[in-house]
Amino acid sequence: MTRIVDATVIITAPGRNYVTLKLTTEDGVVGWGDATLNGRELAVAAYLRDHLCPLLIGRDAHRIEDTWQYLYKGAYWRRGPVTMTAIAAVDVALWDIKGKIAGLPVYQLLGGAARDGVLVYGHASGHDVPSMLDDVARYLDLGYQAVRAQASVPGLEKTYGIPSDGQAVYEPAASARPQEDVWDTAPYLRFAPELLGAVRERFGFGFHLLHDVHHRLSPIEAARLGRDLEQHRLFWMEDPTPAEDQSAFRLIREHTTTPVAVGEVFNSIWDCQQLITERLIDYIRTSVSHSGGITHLRRIFALAELYGVRTGSHGAGDLSPVSLAAALHVDLSVPNFGIQEYMGHASPADEVFHTSYTFSQGSFHPGDAPGLGVEVDERAAAAFPYEPRYLPTNRRRDGSVHDW
Ligand code: KDG
Ligand code: MG
């Protein structure tokens with residue numbers, strides 16, 4: 001028995017907002033969990049502070065599965081991003097503690113390394129095709145073997161996912177309300193095949209090419225896009241349609257062999273059960289921090305393995321370095337690993353989060369420090385206070401709200 005004696009929530013904004021859970025045992029062992037939910041950070045912080053932290057005091061830090069079941073089943077209200085991000089933070093912090101007590105990196109507790117490294121994809125983008133191509137070249141020069149390509153859609157004033165000039169990452173500006181962007185599907189559907197074709201024309205087929213649709217299409221539009229992209233041999237077409245409509249993917253599947261990846265907005269195995277068991281997708285993008293932690297993510301990945309679906313976890317900059325480290329430990333150990341997203345973090349983040357993962361030739365390794373291999377500098381964190389920031393909202397040209 002190793003009792004938890006303290007549970008503290010830290011909110012900090014080194015480049016963007018992050019919520020971090022710190023659990024401390026009676027022996028002074030500290031575990032960290034990421035509780036960041038982009039644009040809804042304070043809701044998870046309150047869920048933890050008001051409802052979960054008091055329940056954790058006095059519990060045995062070693063009983064990870066029991067704590068997961070207790071927080072999930074015991075609440076009566078199940079699932080949803082706020083609940084599952086809060087449970088995830090607890091779960092990941094407990095795995096960190098278990099690893100530190102055992103003197104082993106978390107991946108060793110998960111069965112050990114099933115591969116030498118974790119293939120990642122980087123985010124190339126540009127305001128037009130030539131600048132996007134230069135960005136793809138930059139990633140290939142850095143040794144990446146997989147690159148996601150996005151570019152501003154001609155005719156639209158703003159396109160999500162394209163950083164301002166000179167910025168490495170795209171982050172929402174501090175603001176009390178979400179910015180509102182105009183979205184128009186027709187020019188996007190004309191432009192996307194041209195954009196991805198330009199990448200293949202200049203760089204060939206010797207690396208993995210990915211593209212994110214951000215849930216913007218109807219099923220038949222997605223089917224058409226998938227067909228138009230087949231010649232460019234994508235690694236995946238991500239989030240073609242709003243993800244909660246699982247049966248919609250059947251229609252996409254019937255029309256195209258372009259592989260499909262979905263799941264960054266999912267929070268539980270129930271959200272992707274049909275997609276996996278009916279083999280409607282190729283990659284499941286659930287993440288450690290938004291899908292109930294290591295304990296639940298492993299369950300999703302095990303179900304996916306039965307149906308030949310591979311993993312491709314979300315890893316945007318709004319998932320903190322604690323999340324990325326936890327993801328790398330899982331990725332290294334699961335048999336059906338596919339790829340891991342790596343967007344990186346804005347530079348002040350490394351003042352707060354001290355990491356031990358390493359990058360080489362397009363792959364990451366989580367390192368061999370006991371636990372996750374990430375420590376949080378609370379004094380540095382205090383220098384970056386929270387500011388409200390939101391993902392943008394989309395409206396069609398007629399003013400109506402469009403899907404994300
Ligand atoms: O919080 C949402 C972002 O992480 C998301 O929009 C980024 O789509 C994204 C991706 O694939 O990283
Ligand atoms: Mg995405």
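Position 1 is the first residue of the sequence; numbering continues from there. Heavy-atom basis, side chains included; hydrogens, waters and symmetry copies ignored. For ligands, and for the atoms within them, numbers begin at 1 and follow the listed sequence.
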*Report the part of Arg16 in contact with ligand 1, treating N, CA, C, O as backbone and CB onward as side chain, heavy atoms under 4.0 Å; options are side chain, backbone, both, neither.*
neither

*asked:* If I apply the N/O under 3.5 Å rule, does Glu341 come out as touching ligand 1?
replied: yes

*Regarding Arg200 and the six-membered ring of Phe207, is the cationic atom NZ or CZ under 6.0 Å from the ring centre and inside 45° of its axis?*
yes

*asked:* Show, in sequence, the C-alpha distance, side-chain angles and deciding distance for His214 and Glu238, and conclude whether the side chain to side chain donor-acceptor pair (under 3.5 Å) test is met.
replied: CA-CA 7 Å; His214 293 301; Glu238 177 182 333; 5.6 Å; no

*Which is closest to atom 1 (O) of ligand 1 in terms of heavy atoms, Asn38, Leu319, Thr36?*
Asn38

_Whether the side chain of Thr258 engages the backbone of Gly226 through a donor-acceptor N/O pair (distance < 3.5 Å, no angle test) should be reported._
yes

*asked:* To 10 degrees, how wide is the angle OE2 (Glu238) to the Mg ion (ligand 2) to OE1 (Glu264)?
replied: 90°

*Is the centre of the Phe301 ring less than 6.0 Å from the centre of the Phe337 ring?*
no

*Any N/O pair Glu264/ligand 1 closer than 3.5 Å*: yes

*Nearest neighbour in protein (non-hydrogen) for atom 6 (O) of ligand 1*: Tyr160 OH, 2.8 Å

*Has Glu341 got an N/O/S atom less than 2.8 Å from the Mg ion (ligand 2)?*
no

*Verify whether one side chain among Arg63 and Thr67 offers a donor that lies under 3.5 Å from an acceptor in the other.*
no

*Answer with side chain, backbone, both or neither: which part of Arg148 has a heavy atom less than 4.0 angstrom from an atom of ligand 1?*
side chain

_Chi angles and distances behind the side chain to side chain donor-acceptor pair (under 3.5 Å) call for Arg389, Asn38_ = CA-CA 8 Å; Arg389 289 170 189 252; Asn38 201 1; over 6 Å; no

*Step by step, would you call Ser131 with Asp134 a side chain to side chain donor-acceptor pair (under 3.5 Å)?*
CA-CA 5 Å; Ser131 59; Asp134 289 347; over 6 Å; no

*Answer yes if the ring centres of Tyr72 and Trp77 are under 6.0 angstrom apart, and no otherwise.*
no

_Give the atom numbers and elements of ligand 1 that come within less than 4.0 Å of a heavy atom of Arg285._
10 (C), 11 (O)

*Hey, is Met343 touching ligand 1 through its side chain, its backbone, both or neither, going by heavy atoms under 4.0 Å?*
neither

*Which atom of Asp212 approaches the Mg ion (ligand 2) most closely (N/O/S)*: OD2

*Kindly confirm or rule out an N or O of Asp318 lying under 3.5 angstrom from an N or O of ligand 1.*
yes

_Numbered atoms of ligand 1 (with element) below 4.0 Å of Asp212, judged on heavy atoms_ = 8 (O), 9 (C), 10 (C), 11 (O)

_Atom CZ of Arg40 with >12 non-hydrogen neighbours under 6.0 angstrom_ = no

*Number the atoms of ligand 1 from 1 as they appear, then name those within less than 4.0 Å of a heavy atom of His214, with their elements.*
8 (O), 9 (C)

